[in-house]
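Please read the structure below before turning to the comments.
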Amino acid sequence: MFRVCKEIEFCYGHRLLEHAGKCKHLHGHNARAVVVLESDELDGMGMVCDFAEVDRAARSFIDAELDHTMLLRRDDPFLPRMREAGERVYVMDLNPTAENIARLILEKVAAMGLPVVEVQIWESGTACASYRPPR
């Protein structure tokens, strides 16, 4: 099995509804997404996938929808105010945890036809969550 990883840095804000700690407040992260692709075979160039193609696919979604954006759950009472103020908001059905953001990115990259098997979200230098779909 061959494996390649591409890291993409981005910034986002969020808050977690029903959280008992500090994460219930609006706050932000300088995050790093690690997109992992695997394949049993290499293409004609000897690659799982060109890093530039992985970057283009993942970055197109991250830059357009998540980077410098407030990620809020659909029922967040602050959502209408953000929209009224003209702020960038990405609405999620679930709490915008690192785990759910990882799954969101994986699903978007997979929909572009790349053999992505896992996405990690590093919210800080010491805290990481990942999503790998069941096989």
Side-chain angles (χ1 to χ4, degrees):
M1 179 71 61
F2 297 95
R3 181 181 197 153
V4 296
C5 303
K6 177 66 181 161
E7 295 185 8
I8 298 170
E9 294 179 344
F10 67 105
C11 301
Y12 71 94
H14 71 158
R15 74 171 172 180
L16 305 179
L17 298 180
E18 291 106 32
H19 192 277
K22 291 191 262 183
C23 291
K24 68 182 174 186
H25 302 291
L26 294 171
H27 64 284
H29 295 280
N30 293 320
R32 181 169 39 107
V34 180
V35 180
V36 181
L37 291 79
E38 290 181 350
S39 178
D40 290 329
E41 298 180 12
L42 300 178
D43 66 13
M45 292 290 296
M47 300 178 189
V48 170
C49 186
D50 190 305
F51 287 122
E53 185 178 350
V54 181
D55 186 72
R56 191 170 33 256
R59 194 175 299 279
S60 67
F61 173 69
I62 291 170
D63 285 354
E65 302 294 339
L66 304 181
D67 189 37
H68 286 82
T69 302
M70 185 63 68
L71 283 56
L72 296 175
R73 197 170 79 187
R74 183 167 309 286
D75 60 340
D76 192 307
F78 195 63
L79 182 58
R81 288 187 178 179
M82 292 291 292
R83 287 182 167 154
E84 287 170 11
E87 292 294 333
R88 285 177 53 102
V89 179
Y90 187 89
V91 179
M92 298 179 66
D93 291 329
L94 304 170
N95 250 342
T97 61
E99 294 88 343
N100 286 327
I101 296 166
R103 182 164 89 183
L104 173 67
I105 293 171
L106 183 138
E107 290 172 349
K108 295 297 184 178
V109 173
M112 295 177 200
L114 297 182
V116 59
V117 297
E118 181 181 4
V119 171
Q120 301 171 3
I121 298 294
W122 288 84
E123 280 194 344
S124 71
T126 61
C128 173
S130 65
Y131 177 71
R132 175 183 278 274
R135 290 188 181 209

I'd like to know if the side chain of [X] reaches the main chain of [Y], judged simply by a donor and an acceptor atom lying under 3.5 Å from each other, with no hydrogens or angles considered.
X   : Y   : result
S60 : A58 : no
N95 : L17 : yes
D43 : M45 : yes
R3  : V48 : no

*Could you walk me through whether I8 and I105 pass the side-chain contact (heavy atoms from CB on, under 4.5 Å) check?*
CA-CA 11 Å; I8 298 170; I105 293 171; over 6 Å; no
Grab the two heavy atoms, one from [X] and one from [Y], that are nearest each other, plus how far apart they are.
X    : Y    : value
M70  : M82  : CB-CE, 3.6 Å
S130 : Q120 : CB-CG, 3.8 Å
A102 : V119 : CB-O, 3.4 Å
R83  : V91  : NH2-CG2, 3.2 Å
R59  : E9   : NH1-O, 4.4 Å
A52  : D50  : N-OD1, 2.7 Å

*Salt bridge R103-E99, side-chain N to carboxylate O under 4.0 Å*: no
Applying a strict under-4.5 Å side-chain criterion to I, L, V, M, F, W and Y, I'd like to know whether [X] and [Y] cluster together.
X    : Y    : result
L72  : F61  : no
V117 : F2   : no
L16  : L104 : no
F51  : L42  : yes
F10  : V54  : yes

How far does [atom1] of [X] sit from [atom2] of [Y], to the nearest 0.5 angstrom?
X    : Y    : atom1 : atom2 : answer
E118 : C5   : CD    : SG    : 8.0 Å
L106 : I121 : CG    : CD1   : 10.0 Å
S124 : R32  : OG    : CZ    : 9.5 Å
D63  : H68  : CG    : NE2   : 10.0 Å
R15  : D76  : CZ    : CG    : 4.0 Å
Y131 : I101 : OH    : CD1   : 15.0 Å

_If you apply the rule side-chain contact (heavy atoms from CB on, under 4.5 Å), what do you find for H27 with H14, and how did you get there?_
CA-CA 6 Å; H27 64 284; H14 71 158; 3.0 Å; yes
*Show your reasoning for whether side chain to side chain donor-acceptor pair (under 3.5 Å) applies to E123 and Y12.*
CA-CA 10 Å; E123 280 194 344; Y12 71 94; 2.9 Å; yes
*With a cut-off of 6.0 Å (strictly less than), are more than 12 heavy atoms of other residues, nucleotides or ligands near CZ of R81?*
no
*asked:* For a side-chain contact (heavy atoms from CB on, under 4.5 Å) check, start with the C-alpha distance between E53 and L37, then their side-chain angles and the critical distance, and finish with the verdict.
replied: CA-CA 12 Å; E53 185 178 350; L37 291 79; over 6 Å; no
*Could you check Y90 against L66 for side-chain contact (heavy atoms from CB on, under 4.5 Å), going step by step and ending with a plain yes or no?*
CA-CA 7 Å; Y90 187 89; L66 304 181; 4.0 Å; yes
*Would you say the side chain of L94 lies within less than 4.5 Å of the side chain of R73, judging by non-hydrogen atoms?*
no
*asked:* Applying the side chain to side chain contact (heavy atoms under 4.5 Å, CB included) criterion to K6, which one of L114, D55, V36, V34 satisfies it?
replied: D55
